[in-house]
Number of protein chains: 2
Amino acid sequence: MASKTPRVVIVGGGFGGLTAARALAGKPVQVTLLDRKNHHTFQPLLYQVATAGLSPGDITAPIRWVLRRQRNAEVLLAEVTGFDLARRRLRASDLELEYDYLIVAAGASHAYFGHDEWEPLAPGLKTVEDAMEIRNRVLLAFELAEREAATGTNVHPLNFVVIGGGPTGVELAGTLAEITRTALAKDFRKIDPKRARIILLEGGKRVLPAYTEDLSASAQRQLERLGVEVRTAAIVTGIGARTVRIGDEELPATVTLWAAGVAASPLGKLLGVPVDRAGRVPVEPDLSLGAHHEVFVIGDLASLQDEHGKLLPGLAPVAIQEGKAAAKNILRDLRGEPRLPFRYFDKGSLATIGRAAAVGQVGKLHFSGFTAWLAWLFVHIMYLIGFRNRFVVLFSWAWSYWTFDRGVRLITGRPDLPSFEAEVKRAPALEKVAR
Amino acid sequence: MASKTPRVVIVGGGFGGLTAARALAGKPVQVTLLDRKNHHTFQPLLYQVATAGLSPGDITAPIRWVLRRQRNAEVLLAEVTGFDLARRRLRASDLELEYDYLIVAAGASHAYFGHDEWEPLAPGLKTVEDAMEIRNRVLLAFELAEREAATGTNVHPLNFVVIGGGPTGVELAGTLAEITRTALAKDFRKIDPKRARIILLEGGKRVLPAYTEDLSASAQRQLERLGVEVRTAAIVTGIGARTVRIGDEELPATVTLWAAGVAASPLGKLLGVPVDRAGRVPVEPDLSLGAHHEVFVIGDLASLQDEHGKLLPGLAPVAIQEGKAAAKNILRDLRGEPRLPFRYFDKGSLATIGRAAAVGQVGKLHFSGFTAWLAWLFVHIMYLIGFRNRFVVLFSWAWSYWTFDRGVRLITGRPDLPSFEAEVKRAPALEKVAR
């Protein structure tokens, strides 16, 4: 390739970055995509890995495999450590790369609202590793309760507390309720998994606050039908080794999961431009930084308002559309055409709750229950990258649906004893978590 | 259940222990199976996880799920820490259990012939965690080589060294050769995975020494056709951060894998009875300990000769047949019938080498290549526990076979940077491994 071919460096292989890379296929640019992981993660299905329905490999695809046929793209496993916007360079692991255009699509992680000490006590769900950690903790809680019962001592009740009533919290709580009542129900001799309590805490007035009130109410009803105790206006003020504090109330919690806060990637700050309170980078309507026309920020890391002045949400469709738009604006630059402002086309939203339970809104149309769930299933499987994954996921789901079984109930860890149990043994305070 | 129902405690949920538990279904005993993992691992397919062909969840099944319908069996996740044979008791995690019969089926792990310092440099393959570690190292070696090439510096050649020419070493080397020439071939821009060297080292005169000479020769030819360099009579005298020493020769090694030695579980010594050099427990023909008629040892942990004075090998069929035999002898005791000596029925052996490559012997019949591979495929899928796993595995294989693709090319680790890379960064000596 000629040395004057413009070089586009993309940081992040999530929905935004990967879409941008693909939109540049066959165009007169050279694309370098950097990610600190080797795989794209289909985040909307992470909760299925966390609840033992799917394997990590089912919802991931190697980024270089996705781009293997795109001759103008290369993929490098590297972690960005610094930007030099003035010189159009960046450092990533032991690399120093020059760029003509930069697309930063580094995504978001969970935030603990200034309480980082809560993280080991209440893991969030953003990566495959997070999902495996949650799966380990949930399965191990049942194993340790069964063992405790075998010693003949009093068994502590199993309480799973999910903090945050957004889509992730609702999925986790709904699916946990489902598996305790189906897949796990017959496998234990001394404890009754059906008696496990699943408690969903939401700080606001209703679950799924991004949806309309009728759909929030429907979601809560569907959750309760699955056996979830929903508590709204429940502000978490503390998380302990086996408790969650709501105001002055101490709620016993065997396992606590965090689905409440989101913070943009620290790469936003590393850019050296102003960021908002959640660490997002405000961008111009063309998705670039004003001062640096050649730098685009997209996806969960970007902050942009729609035509009604509402901040665009951190959702896969937004990231995908922004990835396409950033790539198109680069190509317009190269052709000497003016850039176009980004316009988000909202195709509607769907949130799943559990087996045959979901809510959805498409324009003014609201639907819930089985119909919404089928729509959700269809959309998510169609979006899954790679035929193989799509097929395995479809099969695994059909299987779980008809048999109520969960195939991937695997506790893994190094050393040989599961890590959470080792943790329980190390930390006297945590010991009470599982007993 | 009446309190005088005899209690059979089984230690280990591998092929031996699980078969023994199932053979006691519906019988007038109470079965407690202990394992320090929550899952049974289908060890013959571990190499497929290590080489990104299958997900860990595809070759494992929760032990309590396997036994969920067996009302007289309970499963406890616990690690055995001591036996008191005189009082017929054992300690496991925080439990103290009494037994009337004890079946110890704790299996084996890898042994480094007194060189435990080799373990972090050359991981073995006995658990799902081992397989994920090998997968991480292999995939990461390619990623780091591609990144090194992107810096413009000289690229070190990629050398994968597999130590040990038994079935596991042959599988690993053959499959590594296969994936570098197929699944990975088109995914990189700067390096050519096809140029990676795969070197299989065997200390003895021929690979697969448990097979006949003609099959060993055939296996070596099939390996070489796949691109593996086979070196026999190669005694490893040292393993360094990026080298393997054979006699006085230093062989560069990007990734080194260990498939050479096996040591029985330390639970053998914990029994307080004499063990052989490999830590195996010599048992009577009825599979019990002579001094303790009520204690059976089976599977890889047991040492027993066949009618020709040859030690029974550490294979799944031996463990399965011993598990059945131990259970039957317990039931004969309870009926007041004399015990029967164990007789191993050798149905033949099969060793896979790679895509459409294998060797097999059934009695005097020897076969190799595609036929042996098909037989191997059939036998192993039929043995896989649980229909779901069987189906997913079959599909994954059919998919890989026709597309030469590997679906599960996932590097995972905590913290976010893959663990091996973090290791590389921490240890200056190891740094050279990957560069």
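Quick note on labels: first sequence line is chain A, next is B, and so on, each numbered from 1. Everything numeric here is computed off the predicted structure, so don't read it as measured data.
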*Can you see which heavy atom on A:Gly57 is nearest to which on B:Leu410, and at what distance?*
N-CD2, 4.0 Å
*Do B:Arg147 and A:Asp94 have side chains that get closer than 4.5 Å, going by heavy atoms?*
yes
*Evaluate the side-chain proximity of A:Arg64 to B:Arg189: yes if any heavy-atom separation is below 4.5 Å, no if none is.*
no
*Out of B:Asn136, B:Leu140, B:Leu139, which residue meets the side chain to side chain contact (heavy atoms under 4.5 Å, CB included) rule with A:Asn38?*
B:Leu139
*Quick one: which of A:Thr32, A:Leu95, A:Thr151 has the most heavy-atom pairs under 4.5 Å with chain B, could you say?*
A:Leu95
*What are the two closest heavy atoms between A:Leu77 and B:Glu143, and how far apart are they?*
CB-OE1, 3.5 Å
*So what's closer than 4.5 Å to chain A heavy atoms on B:Ala73: side chain, backbone, both or neither?*
backbone
*Partners meeting salt bridge (Lys or Arg N to Asp or Glu O under 4.0 Å) with B:Lys186 (sequence neighbours left out)*: none
_With a 4.5 Å cut-off on side-chain heavy atoms, are A:Asp187 and B:Leu67 touching?_
no
_With heavy-atom distances below 4.5 Å as the criterion, would you say the side chains of A:His39 and B:Arg409 are in contact?_
no
*Quick one: salt bridge (Lys or Arg N to Asp or Glu O under 4.0 Å) partners of B:Arg89, sequence neighbours excluded?*
B:Glu96, B:Glu98
